[in-house]
Amino acid sequence: MPQQTTEIRTASFADLNARTLHDLLKLRVDVFVVEQNCPYPELDGRDVEPGTRHLWVTDGDAPLAYLRILADPNGDARIGRVVVAPTARGGGHAGRLMTAALEVVGNRTCVLEAQSHLVAFYARHGFAVSGPEYVEDGIPHTPMRRDAIDD
């Protein structure tokens, strides 16, 4: 049986082809809206911003995991929409994707809004809790921050 290989891809919105964009958005909607039962405006307009970077793990066909990096107005990077397909969970894809995302972010300050049950996962990538827990769409979230790294 041939071994399945995966790769991490990075693109701006302008560099995404229609099929890839469809597959990335379908993964996000399947998990965040359908699986987690959170009817919210998944398409928030930020995917198309010039500073947004889309990162995903693929096996050559469908995306297995995805996240986006936004450029906040204050210069911070904001990681969001971190998602792993149900059939790919437990394969280390989220960790690989976070490592790649932090390489893209570089030494800038980076923030995210973690689902609270994943705080320890993000802490392993250098993030610390930066505010009180809150509930969004019925799911507890915790703001987290990784401060800029001085050279």
Side-chain angles (χ1 to χ4, degrees), residues 6-16 20-58 62-151:
T6 61
E7 64 178 304
I8 296 175
R9 297 188 182 162
T10 304
S12 67
F13 180 80
D15 293 332
L16 292 171
T20 300
L21 176 62
H22 168 273
D23 291 349
L24 296 175
L25 293 176
K26 183 175 184 334
L27 173 60
R28 286 170 32 181
V29 168
D30 284 351
V31 173
F32 296 133
V33 178
V34 178
E35 179 184 332
Q36 295 181 353
N37 194 27
C38 295
Y40 72 104
E42 169 57 27
L43 300 179
D44 61 1
R46 300 219 54 198
D47 292 311
V48 303
E49 293 175 358
T52 298
R53 290 295 168 264
H54 303 272
L55 282 73
W56 68 100
V57 176
T58 181
L64 303 175
Y66 167 89
L67 63 74
R68 72 180 182 186
I69 305 169
L70 304 174
D72 276 358
N74 67 358
D76 291 352
R78 176 172 298 277
I79 293 177
R81 301 298 202 266
V82 181
V83 62
V84 178
T87 57
R89 291 180 186 151
H93 301 303
R96 287 180 53 220
L97 205 51
M98 282 299 298
T99 298
L102 292 173
E103 288 174 12
V104 171
V105 167
N107 57 3
R108 289 184 292 162
T109 296
C110 187
V111 297
L112 55 81
E113 306 296 319
Q115 289 188 2
S116 294
H117 72 277
L118 295 171
V119 164
F121 167 77
Y122 292 113
R124 288 193 298 272
H125 291 277
F127 287 85
V129 172
S130 60
E133 182 178 71
Y134 62 94
V135 176
E136 183 175 352
D137 294 318
I139 298 173
H141 285 75
T142 302
M144 298 187 78
R145 173 185 183 94
R146 188 189 78 150
D147 288 325
I149 300 167
D150 294 327
D151 287 336

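Everything numeric here is computed off the predicted structure, so don't read it as measured data.
Contact annotation: the side chain of Ile79 approaches that of Leu102 to within less than 4.5 Å [non-hydrogen atoms, C-beta and beyond]. Counting heavy atoms from C-beta outward, Arg9 and Thr20 have side chains that stay 4.5 Å or more apart. In this structure, the side chains of Arg145 and Cys110 stay at 4.5 Å or more apart for every pair of heavy atoms. The side-chain heavy atoms of Val31 and Gln36, taken from C-beta on, include a pair separated by under 4.5 Å. Side-chain contact between Asp76 and Arg108 is absent, with no heavy atoms from C-beta onward closer than 4.5 Å. Ser130 is not listed as a side-chain neighbour of Val111, based on a closest heavy-atom distance of 4.5 Å or more. Residues Arg146 and Tyr122 have side chains not in contact (no heavy-atom distance under 4.5 Å, counting atoms from C-beta outward). At a threshold of 4.5 Å between non-hydrogen side-chain atoms, the residues His125 and Met144 do not count as touching.
Rounding to the nearest 0.5 angstrom, the gap separating the CG atom in Asp15 from the CZ atom in Arg53 is 7.5 Å. In this structure, Leu64 CG and Trp56 CH2 are separated by 12.5 Å, a value rounded to the nearest 0.5 Å. Rounding to the nearest 0.5 Å places CD1 of Ile69 at 11.0 Å from CG of Leu112. The distance from the CG atom of Asp47 to the CZ atom of Arg68 is 4.5 Å, given to the nearest 0.5 Å. Annotation: the span from Arg81 atom CZ to Leu55 atom CG amounts to 15.0 Å, rounded to 0.5 Å. Expressed to the nearest 0.5 Å, how far CD of Glu42 lies from CZ of Arg28 amounts to 4.0 Å.
Closest non-hydrogen pair, Phe13 versus Leu21, comes out as CE1-CD2, 3.8 Å. In terms of heavy-atom proximity, Leu16 sits nearest to Ala11 at CD2-CB, 3.8 Å. Scanning both residues, Pro143 and Pro132, for their nearest heavy atoms gives CD-O, 3.3 Å.
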Exercise. Using the side chain to side chain contact (heavy atoms under 4.5 Å, CB included) rule, take Leu97 and Val82 through it: C-alpha gap first, then chi angles, then the decisive distance, then the call.
Key: CA-CA 9 Å; Leu97 205 51; Val82 181; 5.7 Å; no
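Using a distance-only test at 3.5 Å, with no hydrogens or angles considered, no donor-acceptor pair links the side chain of Asp137 to the main chain of Ile139. With His54 contributing its side chain and Thr52 its backbone, the two residues share no donor-acceptor pair below 3.5 Å. Thr109 places a side-chain N or O within 3.5 Å of a backbone atom of Ala148 that can act as its donor or acceptor partner.
In this structure, a donor-acceptor pair under 3.5 Å is absent between the side chains of Asp72 and Asn74.
Classification of Arg89 and Glu35 as a salt-bridged pair holds, one side-chain N sitting under 4.0 Å from a carboxylate O.
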